[in-house]
Structure formats: structure tokens, C-alpha cells
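The model shown is predicted, which means the values in this text are computed figures rather than measured ones.
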Protein chains: 2
Amino acid sequence: MSLGDPALQTPGDTAQCCPSLVEAPLDDAEADELATIFAALADPVRCKLVSLIAAAGEACACDLVDPVRKSQPTVSHHTKVLAEAGLIRGERRGRWVWWSVVPERLAAVCSALTRATPD
Amino acid sequence: MSLGDPALQTPGDTAQCCPSLVEAPLDDAEADELATIFAALADPVRCKLVSLIAAAGEACACDLVDPVRKSQPTVSHHTKVLAEAGLIRGERRGRWVWWSVVPERLAAVCSALTRATPD
DNA sequence: TGCCAACATTGACGGATGTCGATATGGCAC
DNA sequence: GTGCCATATCGACATCCGTCAATGTTGGCA
């Protein structure tokens, strides 16, 4: 149970929406949830991976190792973190895994940042 | 030089805008810049602080310690991290410091997340 | 069946980060 | 001036996290 289970499909219980950062004070659980999502983006290698995948539409994992100049296990670790945050999604095709962004998830994070912000 | 200098005013060289995460592959500097901003939000205490300040419009530092149940030095550390990321801004009034969010900065982060995202 | 390629997992290491007590700084009131 | 209060900084500690070599697992191909 290595490739199939944890990160490849979008987790069923991960709502696309997330609590608003600016509407009302967060409780502990909401703060943890938001912090986890932001933590997934709080690494330059992972930012690069998202940008590579987003710019290409989708990207094979084997094409991500060279651009970020990290080892294959390191890249695999980072894609797992991003996938568990619901930001990217992987699909197995033969021996390869193709990654794509989850635009609704990115939009939900965006919404959490600005909802009810007084301009 | 404790209160005035580093974090209280918005740093002049911190642009409100930030590189897009999804338009094109990021170079090293852009990835570092974005990751730093997200890292500022990648802690549940800091998420709570932003939500408290945003919900109140502005908030005195002395009113932030109790809600997050952390020590005063810890809260001061977190507000400094948020201010250095340009997400909040502090203003000294007498003995107190009043914090407010920088909505343009939040909007810029939001924009980086969704710009050119195919929906 | 056996081999190989792509990807995931494990274990270990070093550096970064959250936390707090103690202390320093700055400002107001007396 | 002295004393007090709000906030920032420092130093130390424990924990978390990014990284890689080694290894495991899965899928295609001969």
C-alpha cells in the first residue's frame, strides 16, 4: 500500500473550503487547519513544485526532480505534503505519476484570506 | 531602537504584490519570497492573531495575549514575524501598540494563488 | 518468471523554529 | 527625578522539519 492510498486521490474529507482568516476569531481547530494548509506552501521547493505543475497543466513526477535540484525522495516527500493539504492531486499512469493542481483548493485558500476584509 | 524600527511600520521595500504561484515556474528568489510569506501564516497562533486583529479592525497587543494563551514574549515574537511579512502593521499609541491587518497585502497573496489558474 | 524503471518509505542527521523566563527599553504619571 | 506598565529582546531548551542514502513496493516488459 504505497502508491495507491494516502496522497494520490484527493482526500474525501478535505473540504475545498476553509475557515476565513479575517471574518471572526478562529478557534483552535480552525487555526490548526489553516496553518497546515499554509505550512504546505511555506517551503521554497514546494512553491516551485506548485508553480511547475500549474504552469505545465500537469507534470510527471520524473520531470520535477531536475528543476528543483533535490533528490527523488525529497521531491516525493514534498509532493506528499502538498497532496495531503489538498493543493495538488496525483494520478498513476503506468509507471509514472502525473501531478496537477487543484484550482478550487487554491481558490478556497484565497477566499479565506480576503473574505470580509475591509478595504 | 526597539519599538520604532523594524516591524512597526510597513517596510518600504516590501511590495504589496508578490510573484504568481501558478503563472510560470518560480526562480529561486521568487520561491523564497513566497515561501516566507506563507511561513508567516503557517502557525496556528499566528493565524489566530491575524483573525483577532482583522475581526476587531485593530487590536492592542495587550488584548492578544489572553485569547491565544501564550506568554507575552511569544505573542511579541509572532506579531514581529507577521509584520516582517507585511501582513500586519503596528502603531504606537502611548504605551500601547495597536496592530491592524494590511488588506492589500492579503489581497496580493490571494492574487498570487489564483492568477492565471485555469478553472 | 525475472529484470528494470518509477515512485514511496524508512532512518538518521543537522538546522530551523516555537516557547518561556529573565532582562532591557521606552513612555506615562506622580 | 522615581516608579510602574506595556512591549521588545535575549538566551536556552525542546521539538519540528528538510534532506539524503538505503531500501521497499509497484508496474511494465521480455
Practice prompt. Consider only side-chain heavy atoms of I, L, V, M, F, W and Y, link residues closer than 4.5 Å, and tell whether A:V65 and A:V97 are in one cluster.
Written response: yes

*Residue pair B:R69, A:D28: steps toward the side chain to side chain contact (heavy atoms under 4.5 Å, CB included) verdict*: CA-CA 11 Å; B:R69 295 189 301 274; A:D28 288 5; 3.0 Å; yes

Whole-Å distance, B:W98 CH2 to D:dT7 P, equals 9 Å

- Query: Taking only N and O in the side chain of A:K80, is any of them less than 4.0 Å away from OP1 or OP2 of C:dC7?
  - Reply: no

Taken to the nearest whole Å, CZ/B:R95 to C1'/D:dG3 is 11 Å

Practice prompt. Tell me whether A:L64 is reachable from A:V81 by hopping between hydrophobic residues (I, L, V, M, F, W, Y) whose side-chain heavy atoms are closer than 4.5 Å.
Written response: no

* Asked: Just by modelled atom types, is the A:A85 backbone N or O under 3.5 Å from a matching donor or acceptor in the A:R105 side chain?
  -> yes

_Is it the case that the side chains of A:S76 and A:T79 hold a donor-acceptor pair, with the cut-off being a distance below 3.5 Å and no angle test?_
no

A:V101 vs A:L87, side chain to side chain contact (heavy atoms under 4.5 Å, CB included): CA-CA, chis, key distance, verdict: CA-CA 6 Å; A:V101 299; A:L87 296 168; over 6 Å; no

Rounded to whole Å, the CZ-C1' distance (A:R93 to D:dT26) equals 18 Å

The correct set of residues in residues 58-65 of chain B placing a heavy atom under 4.0 Å from DNA chain D is B:C60, B:A61, B:C62

So, with a heavy-atom separation below 4.0 Å from DNA chain C, the residues of residues 35-53 of chain B are B:D43, B:V45, B:R46

Test side chain to side chain contact (heavy atoms under 4.5 Å, CB included), reference A:V50, set B:L21, B:L113, B:L26, output is B:L21

B:L82 CG to C:dG18 P, in whole Å, measures 10 Å

Is it true that B:R89 and B:E58 have a side-chain N and a carboxylate O under 4.0 angstrom from each other? no

Separation between CH2 (B:W96) and CD (B:E91), nearest 0.5 Å, reads 14.0 Å

Could you check B:C60 against B:W99 for side chain to side chain contact (heavy atoms under 4.5 Å, CB included), going step by step and ending with a plain yes or no?
CA-CA 6 Å; B:C60 173; B:W99 295 98; over 6 Å; no

B:W96 atom CH2 is separated from D:dC4 atom P, nearest whole Å, by 17 Å

Should A:L52 and A:V45 be regarded as members of a common hydrophobic cluster, given that ILVMFWY residues are connected when their side-chain heavy atoms come within less than 4.5 Å of each other, either directly or indirectly? yes

Distance check: side-chain N/O of B:H78 vs OP1/OP2 of C:dT17, anything under 4.0 Å?
no

What pairs of nitrogen or oxygen atoms, one from the protein and one from nucleotides 20-23 of chain C, lie under 3.5 Å apart?
{"from": "C:dC20", "atom 1": "OP2", "to": "B:S71", "atom 2": "N", "distance (Å)": "3.0"}
{"from": "C:dC20", "atom 1": "OP2", "to": "B:S71", "atom 2": "OG", "distance (Å)": "3.1"}
{"from": "C:dC20", "atom 1": "OP2", "to": "B:T74", "atom 2": "OG1", "distance (Å)": "2.8"}

